[in-house]
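Please read the structure below before turning to the comments.
Each chain gets a letter, A, B and so on, in the order its sequence line appears, and its residues count up from 1.
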Number of protein chains: 2
Amino acid sequence: MGTVTIQEVAAYAGVSSATVSRVLNGHPRVSAELRERVLEASRALGYQPNRVARRLRIGSSTSDVVGLIISDIENPFFISVVRGVEDVAYANRLSVVLCNTDESPAKQQMYLNVMLAERVGGLIISPAPGSDYQELDRLRQKGIPIVLLDRRAERYDFDTVQVDNVHGAFMAVSHLIELGHRRIALIGGTAGLTTARDRYEGYRNALEKAGIALDKSLIKQGDYKKASGYQLTLDLMQLREPPRAIFVANNLMTLGTLQALQELRIRVPQDVALVGFDDMPWSGQLCPPLTAVAQPTYDLGQEAGRLLLRRMPDRDAAAQTIVLQTRLIIRESSGARLDKEPRHE
Amino acid sequence: MGTVTIQEVAAYAGVSSATVSRVLNGHPRVSAELRERVLEASRALGYQPNRVARRLRIGSSTSDVVGLIISDIENPFFISVVRGVEDVAYANRLSVVLCNTDESPAKQQMYLNVMLAERVGGLIISPAPGSDYQELDRLRQKGIPIVLLDRRAERYDFDTVQVDNVHGAFMAVSHLIELGHRRIALIGGTAGLTTARDRYEGYRNALEKAGIALDKSLIKQGDYKKASGYQLTLDLMQLREPPRAIFVANNLMTLGTLQALQELRIRVPQDVALVGFDDMPWSGQLCPPLTAVAQPTYDLGQEAGRLLLRRMPDRDAAAQTIVLQTRLIIRESSGARLDKEPRHE
DNA sequence: CGCGATTGTGAAATCGTTTTCTTGCCCCCG
DNA sequence: CGGGGGCAAGAAAACGATTTCACAATCGCG
């Protein structure tokens with residue numbers, strides 16, 4: 001027992017199930033008396049429509065659940081993005097279900113199947129490296145609006161929300177150059193992700209503009225996880241001539257770098273200057289407070305939510321890309337001279 | 001275009017839809033020849049069963065999606081728990097969809113409706129303060145197995161996974177007492193949550209054991225968010241006789257406390273000693289490295305996942321409560337004398 | 001060789017809604 | 001007074017899968 005069906009409500013109220021449905025969905029053509037009886041019956045029995053049956057009948061179009069597939073839930077960046085999406089969704093009476101692929105294409109495929117199976121009303125996804133965009137395209141063709149988050153698809157035309165990674169990285173590295181550094185290492189991001197490529201490009205642009213030659217031995221490729229930042233920093237510091245400054249392409253790797261330097265008893269910024277990509281709420285309480293390229297993470301989520309909301313009504317408008325700007329927050333780790341009352345928030 | 005149904009597959013293969021269903025679900029009584037034809041047709045058309053229809057027919061019992069409702073996605077504690085749940089689920093071929101209630105009973109109710117509507121195979125939830133446990137009980141009666149996470153329901157009998165909060169807080173405060181402190185402030189957790197009550201109890205127990213009288217002016221009630229830790233710390237420090245030690249009942253509030261003390265130019269631990277509840281991956285890189293009661297967050301998630309898995313087959317076994325132990329990690333913020341090679345991980 | 005048991009297959013019922021179709025009733029106007 | 005037009009409400013179809021039921025055909029065994 002447990003579930004009560006529309007039939008039982010109808011029987012209880014002495015009407016047909018069609019009438020019950022009409023009342024509950026606010027159809028105009030129902031007499032006040034029957035409406036009252038139905039509502040009463042519905043309340044008395046504690047009726048909750050079976051949404052599975054409902055969606056089967058209606059089709060995907062009206063699901064008020066949107067899926068949000070992120071690639072690393074342990075990254076505070078995505079958490080903040082999620083909050084942005086949630087707030088926009090909640091304001092529009094939509095529910096958000098979140099799935100975490102852990103940067104694994106296999107898990108991503110699994111969750112895409114879930115999304116398709118549940119016939120969500122829309123989907124926001126930050127694709128895992130090595131994603132099968134054709135698969136995403138298939139979902140879209142089956143009528144699920146899709147917005148890409150943070151990472152572009154190269155040869156497909158999806159709605160996308162991202163930041164200007166090239167410029168962000170450029171600012172970070174230029175900042176180090178202005179402070180007099182010329183041997184600046186890069187701990188780069190995951191191969192195959194547009195963010196990694198873009199941040200690498202920003203790094204190169206900054207060096208090039210300053211007339212500094214690229215030194216391959218100072219360029220490491222990580223995977224956006226803390227452990228790789230840790231390990232690659234150890235590697236860098238074992239070079240015959242270690243760098244005096246490091247630009248790390250994301251926040252988690254920066255934490256690894258910080259830990260490695262701390263364990264090596266290397267002082268930041270005196271011995272090595274450090275700038276990270278992507279700020280965190282506690283970056284100012286780290287030791288030392290971290291200079292970082294802040295992304296408008298929450299806005300990113302909001303924009304993605306809004307874009308999806310716009311897309312849900314008309315499925316086949318032209319795809320659109322929204323690019324938000326980053327901002328360099330200068331704290332102590334880069335070694336810049338700070339004003340006397342530092343406002344690390 | 002769009003979705004291909006089982007009927008189309010049947011037509012393409014020249015069989016009935018019943019046969020297609022049997023093949024795809026691995027029924028034994030199908031001839032090899034037809035099986036082959038059906039599989040071929042299914043592949044050719046790229047058939048993906050409509051799970052909505054499937055679940056309508058089958059009933060809730062076989063959904064391979066479990067819901068995980070957490071109350072604050074911005075808290076790293078829950079993130080780690082989520083990872084634990086996910087790993088157990090994934091190893092058992094289950095998908096996890098995550099919902100964040102933001103400590104709001106209204107949002108929680110919304111997501112409970114979603115879970116019911118989607119007929120998830122099971123549900124793990126850390127209830128928001130002021131939760132309607134009767135509602136949860138209703139879900140359970142409708143056949144959805146439920147495991148409570150981190151927080152108990154007081155007058156209902158649910159499967160529960162939690163840590164020994166009383167003992168954890170007791171250790172933290174006792175540690176401060178051993179270091180010579182007697183004026184120890186408490187920044188407590190959200191009213192109405194068992195974790196807040198338990199940690200408060202541990203605080204009292206420790207003081208009592210040491211023969212220290214409770215000083216109400218040193219006891220503040222927060223809401224487990226960073227902002228309240230920040231504000232309450234400012235309040236404490238404006239007392240005529242401020243505390244020389246603070247025990248903060250969760251990690252986010254501790255970050256707020258740290259920020260407040262930093263802005264007030266109060267040195268930790270020289271001026272004020274600090275112990276937090278719940279460690280974070282970067283607690284060792286904070287300024288100063290944080291002494292904290294570490295919860296086995298990942299294990300907590302795993303246990304919750306396992307408990308749910310055990311519960312899903314037999315719905316009405318007796319409810320079970322699993323209590324895990326905490327561990328005090330001593331770093332610099334409490335002012336303890338550390339070994340020369342500190343191993344802050 | 002005959003008859004019951006077994007097996008493979010299709011037709012049809014089913015899950016719980018929504019929506020279309022149909023029907024009966026009332027109202028209004030010529 | 002008769003007939004067309006609305007309109008409220010029930011009957012039935014539809015959504016897309018699974019599963020029961022019915023029905024041949026084949027098999028096995030005496």
Side-chain angles (χ1 to χ4, degrees), chain A residues 1-39 41-42 45-65 113-114 116-119 121 142-143, chain B residues 1-39 41-42 45-65 113 116-119 142-143:
Chain A
M1 52 170 294
T3 43
V4 28
T5 76
I6 199 174
Q7 304 290 346
E8 306 179 60
V9 176
Y12 187 97
V15 299
S16 74
S17 62
T19 302
V20 176
S21 173
R22 281 192 271 257
V23 170
L24 267 38
N25 293 313
H27 265 249
R29 303 284 145 88
V30 179
S31 73
E33 186 208 336
L34 286 199
R35 180 188 312 281
E36 197 40 56
R37 286 229 306 273
V38 166
L39 289 177
S42 168
L45 298 177
Y47 172 64
Q48 280 267 16
N50 180 333
R51 281 213 235 178
V52 174
R54 180 164 209 272
R55 280 231 303 289
L56 173 58
R57 176 60 229 234
I58 290 185
S60 72
S61 48
T62 45
S63 174
D64 51 359
V65 176
N113 285 337
V114 172
L116 181 57
E118 308 293 340
R119 297 294 199 275
K142 291 194 176 169
Chain B
M1 52 154 279
T3 42
V4 27
T5 75
I6 198 173
Q7 305 289 347
E8 306 179 61
V9 176
Y12 188 98
V15 299
S16 74
S17 63
T19 301
V20 176
S21 173
R22 281 192 271 258
V23 169
L24 266 38
N25 293 314
H27 266 249
R29 306 282 148 89
V30 181
S31 73
E33 187 208 336
L34 286 198
R35 180 187 312 280
E36 197 42 55
R37 286 229 306 273
V38 166
L39 289 177
S42 168
L45 299 177
Y47 173 63
Q48 280 266 14
N50 180 332
R51 280 213 237 178
V52 174
R54 181 166 208 272
R55 280 231 303 288
L56 174 58
R57 177 59 230 241
I58 290 185
S60 73
S61 48
T62 46
S63 174
D64 51 0
V65 176
N113 285 337
L116 182 56
E118 307 292 340
R119 296 294 199 275
K142 291 195 175 169

In whole Å, I'd like the distance from the [atom1] atom of [X] to the [atom2] atom of [N].
X       : N      : atom1 : atom2 : value
A:Leu56 : D:dA13 : CG    : P     : 17 Å
B:Ile6  : C:dG10 : CD1   : C1'   : 13 Å
B:Arg51 : D:dC15 : CZ    : C1'   : 18 Å
B:Arg55 : D:dT18 : CZ    : P     : 13 Å
B:Arg54 : C:dG16 : CZ    : P     : 17 Å
B:Gln48 : D:dG16 : CD    : P     : 15 Å
B:Ile58 : C:dG16 : CD1   : P     : 14 Å

Worksheet entry | Short side-chain to backbone donor-acceptor contact, B:Glu8 and B:Thr5, under 3.5 Å |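 It does hold such a pair.
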Worksheet entry | B:Asn50 (side chain) donor-acceptor with B:Val52 (main chain) under 3.5 angstrom |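 Checking the backbone N and O of B:Val52 against the side chain of B:Asn50, a donor-acceptor pair under 3.5 Å is found.
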Discussion item. Testing A:Glu33, A:Arg29, A:Arg35 one by one against A:Ser31 for a side-chain contact (heavy atoms from CB on, under 4.5 Å), which residue passes?
Written reply: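 The passing option is A:Glu33.
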Worksheet entry | Test applied, side-chain contact (heavy atoms from CB on, under 4.5 Å); reference residue, B:Arg22; option that passes from B:Leu34, B:Val38, B:Val30 |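 Single side-chain contact (heavy atoms from CB on, under 4.5 Å) partner of B:Arg22 among B:Leu34, B:Val38, B:Val30: B:Val30.
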Discussion item. Under 4.0 Å, heavy atoms only, any strand: does A:Arg22 hit a base, just the sugar-phosphate, or nothing?
Written reply: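 Result for A:Arg22 = base.
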Discussion item. Need the bend value for the helix from C:dC1-D:dG30 to C:dG30-D:dC1: angle between end axes, 5 pairs each end, nearest 10°.
Written reply: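 One end's axis against the other's: 50°.
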Fill in: Derivation and outcome, side-chain contact (heavy atoms from CB on, under 4.5 Å), residues B:Val20 and B:Ser42
CA-CA 9 Å; B:Val20 176; B:Ser42 168; over 6 Å; no
Worksheet item: Are A:Leu39 and A:Val23 close enough, and set up right, to give a side-chain contact (heavy atoms from CB on, under 4.5 Å), and what steps lead you there?
Response: CA-CA 8 Å; A:Leu39 289 177; A:Val23 170; 3.9 Å; yes
Worksheet item: Which ones in residues 23-36 of chain B lie close to DNA chain C, meaning a heavy atom under 4.0 Å from one of its atoms?
Response: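 Contacts with DNA chain C under 4.0 Å: B:Arg29, B:Val30, B:Ser31, B:Leu34.
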Practice prompt. Can you sort out which residues in residues 8-21 of chain A have a heavy atom within less than 4.0 Å of DNA chain C? Ascending by number, please.
Written response: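 Of all residues in residues 8-21 of chain A, the ones placing a heavy atom under 4.0 Å from DNA chain C are A:Ala18, A:Ser21.
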Discussion item. Taking only side-chain N and O atoms of B:Tyr47, does any of them lie within less than 4.0 angstrom of OP1 or OP2 on D:dG16?
Written reply: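 It does not, given that no N or O in the side chain of B:Tyr47 lies less than 4.0 Å from OP1 or OP2 of D:dG16.
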Discussion item. Is it the case that D:dT18 (base atoms only) and B:Arg57 (side chain only) share a donor and an acceptor within less than 3.5 Å, ignoring hydrogens and angles?
Written reply: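 Looking at the base of D:dT18, it does pair with a donor or acceptor on the side chain of B:Arg57 (distance under 3.5 Å).
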Worksheet item: About how many Å separate OG of A:Ser17 and CG of A:Leu24, when rounded to the nearest 0.5 Å?
Response: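 Nearest 0.5 Å value for the CG-OG distance: 11.5 Å.
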Fill in: Side-chain touch B:Gln48/A:Asn113, heavy atoms, less than 4.5 angstrom
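Of all side-chain heavy-atom pairs linking A:Asn113 with B:Gln48, at least one is under 4.5 Å.
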